[in-house]
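Each ligand, and each atom within it, is numbered from 1 in the order the structure gives. Every value quoted in this text rests on a predicted model; they were computed, and no experiment measured them.
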Amino acid sequence: MPEEKSYHMTPSEFRRLGHAAIDWVADYYERVESLPVLSRVRPGDIRATLPARPPERGEPFEAVLKDLSELILPGITHWQSPNFFAYFPANASGPAILGDLISSGFGVQGMLWSTSPACTELETHVLDWMAEMLDLPQRFRSTGSGGGAIQDSASSAALCALIAARERATGLASNERGCDGRLTAYTSSQAHSSIEKGAKVAGVGRANLRLIDVDATLAMRPEQLAQQIDEDRRAGHIPFFAAATIGTTSSNGIDPIRAIGRICREQGLWLHVDGAMAGTAALCPEFRHLQDGLELADSYCFNPHKWMFTNFDCDCFYVADRKALIQALSILPEYLRNQATESGAVIDYRDWQIPLGRRFRALKLWLVIRHYGVEGLRYHVRRHVDLAQEFARWVQAAPRFELAVKPPLNLVCFRHRGGDDLNQALMDRLNGSGDLFLTHTRLQDRLTLRMCVGQTQTERRHVERAWRRICEVADDLERG
Ligand SMILES: *Cc1c(COP(=O)(O)O)cnc(C)c1O
């Protein structure tokens with residue numbers, strides 16, 4: 001019998017080409033440091049190099065690798081460069097990449113426990129590990145009334161929290177009849193835009209999201225929160241949700257969780273705490289004071305895909321009362337009915353998130369934790385904080401520069417005293433040089449540069465060189 005015709009890659013071809021692909025990625029990591037960090041292409045440049053029509057006949061993998069190097073690489077901004085100090089890190093690592101690869105290899109769909117028991121159970125287990133590693137309150141662990149699930153992003157975590165809070169506040173009525181227009185939510189003026197987006201998507205409405213004032217450290221002022229809640233109640237609104245941040249995106253501001261938590265408890269509001277980047281710092285006992293009061297929160301999230309060496313996407317989302325979340329999000333069409341679900345003995349993570357389907361993301365997190373161990377993760381997080389703090393001391397010691405705020409962790413907000421135009425020119429020149437990449441924000445109504453140290457391969461020499469380049473370009477600009 002002749003074999004059936006097939007266009008598929010055979011396992012032996014996959015083995016050979018897979019090795020080539022891994023070699024390609026390893027080579028990339030070996031030279032990423034020397035590549036201009038910020039891509040220099042203009043809009044449309046990349047598309048202009050691609051064939052107008054899809055190939056009628058399959059092409060050899062070698063041709064694809066060649067195009068990756070020649071056509072795609074110039075359009076990459078190198079997030080994995082040790083000279084990347086922009087936004088927040090999205091750091092990756094060998095074990096995480098391999099975990100993702102193996103997850104792709106399994107190709108499972110983990111919507112229900114029964115659609116791949118290991119996908120669910122490893123996730124539950126690793127999230128309990130994480131809770132222990134960060135010393136999160138007992139109530140977030142699966143052994144009590146709570147538990148965690150991996151979301152694609154902190155934005156999805158905030159949306160899930162908003163929906164669970166909405167249903168708790170309205171006795172599941174919003175799920176039936178749509179959102180009650182009287183519901184009001186609270187966050188600080190410095191909170192991430194995902195809270196506002198969540199309020200829009202959850203049907204709360206942007207006009208019903210109150211932005212609470214911050215103090216000089218850019219942390220939410222709890223007395224303002226209490227006052228606003230009072231005012232809203234008197235006006236006939238139903239305050240139901242507050243989001244506090246540990247480490248705001250703009251400046252790493254730390255909201256006072258305990259004081260906010262007390263107010264939320266008294267007033268019956270769901271408190272969601274967003275620790276997207278800074279949450280990772282709690283691996284180290286000396287930084288855990290930043291999450292003081294977390295036991296008063298109803299939900300919490302942080303992103304291993306930012307600062308814990310785990311490739312995007314991986315957000316750990318915890319709730320104290322899993323029933324509230326599951327009731328708000330569960331659906332059970334006939335075609336998903338199964339014995340394990342009916343028995344109540346298993347977790348079906350489709351009820352913990354917006355989409356039905358889910359990838360096996362716990363694998364990469366598991367590989368990261370097993371590769372580094374808690375000790376290794378702590379070492380690198382401390383190293384990043386030390387480097388950022390050292391950078392901040394250089395800024396302070398230079399009379400022409402100033403710190404906008406005292407950096408609590410690995411993000412330094414600073415500026416040249418020469419004004420907004422000079423700072424803008426400084427940043428544009430630095431980023432245009434390809435030597436490093438940093439971004440900006442506005443603090444105290446002035447353009448402020450953000451230097452965030454958190455890339456996997458960043459060492460002291462990269463931070464030193466960044467400071468040297470900043471000073472050199474500042475010299476040039478001052479000379480006019
Ligand atoms: C980065 C960030 C987010 C958004 O993270 P995604 O996972 O990309 O949605 C939310 N909150 C804070 C504080 C962040 O820094």
Side-chain angles (χ1 to χ4, degrees), residues 77 79 84-92 96 130 134 148-163 185-202 209 211-212 214 217-220 241-257 260 271-282 287 290-291 294 297 299-318 353-355 358-359 361 364-365 381 384 388 405 407-413 439-441 443 450-455:
T77 286
W79 283 73
F84 183 100
F85 303 104
Y87 310 107
F88 276 167
N91 61 23
M130 263 325 313
L134 302 174
I150 298 180
Q151 304 282 336
D152 56 4
S153 64
S155 306
S156 294
L159 178 58
C160 290
L162 268 157
I163 293 170
Y186 304 79
T187 196
S188 96
S189 59
Q190 298 293 307
H192 190 263
S193 55
S194 56
I195 306 297
E196 180 182 322
K197 195 175 197 173
K200 291 202 288 186
V201 177
L209 175 67
L211 299 183
I212 306 299
V214 292
T217 69
L218 302 163
M220 190 197 292
F241 175 88
T245 313
I246 298 176
T248 58
T249 316
S250 175
S251 71
N252 237 349
I254 313 277
D255 288 339
I257 306 302
I260 293 168
L271 174 60
H272 174 66
V273 175
D274 174 3
M277 180 186 68
T280 297
F287 301 130
L290 301 176
Q291 63 186 27
L294 200 53
S299 54
Y300 174 70
C301 78
F302 91 107
N303 289 351
H305 73 225
K306 272 188 170 156
W307 193 20
M308 218 186 85
F309 314 108
T310 308
N311 293 56
F312 192 85
D313 51 352
C314 185
D315 166 273
C316 294
F317 175 54
Y318 292 93
Q353 62 174 22
I354 307 293
R358 60 201 328 270
R359 304 173 57 224
R361 284 178 296 221
K364 61 188 168 191
L365 190 53
V381 164
H384 287 154
V405 285
L409 293 165
N410 61 331
L411 172 68
V412 184
C413 295
T439 49
H440 75 284
T441 184
L443 298 176
R450 296 168 73 267
M451 169 91 181
C452 193
V453 182
Q455 264 320 321

Residue pair Leu290 / Leu409: nearest heavy atoms and the distance that separates them: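 Taking Leu290 first and Leu409 second, the nearest heavy atoms are CD1-CD1, 3.7 Å.
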Taking only residues two or more places apart in sequence or in another chain, which ones pass salt bridge (charged side-chain N to carboxylate O under 4.0 Å, His left out) with Asp152?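 Here no residue qualifies.
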Measure centre to centre between the rings of Trp307 and Phe302, then say whether the value is under 6.0 Å. no
Which residues pass the ring pair (Phe, Tyr, Trp, His ring centres under 6.0 Å) test with His272, sequence neighbours left out?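 Ring pair (Phe, Tyr, Trp, His ring centres under 6.0 Å) list for His272, sorted by chain: empty.
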With under 30° as parallel and over 60° as perpendicular, where do the rings of Phe309 and His384 fit, or are they tilted in between?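 Answer is tilted, since the angle falls between 30° and 60°.
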Apply side chain to side chain donor-acceptor pair (under 3.5 Å) to Gln190 and list each qualifying residue two or more places apart in sequence or on a separate chain.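 Residues passing side chain to side chain donor-acceptor pair (under 3.5 Å) with Gln190: none at all.
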List, ordered by chain and residue number, the protein residues whose closest non-hydrogen atom lies under 4.0 Å from any atom of ligand 1. Phe88, Ser153, Ala154, Ser155, His192, Ser194, Thr245, Gly247, Thr249, Asp274, Ala276, Asn303, His305, Lys306
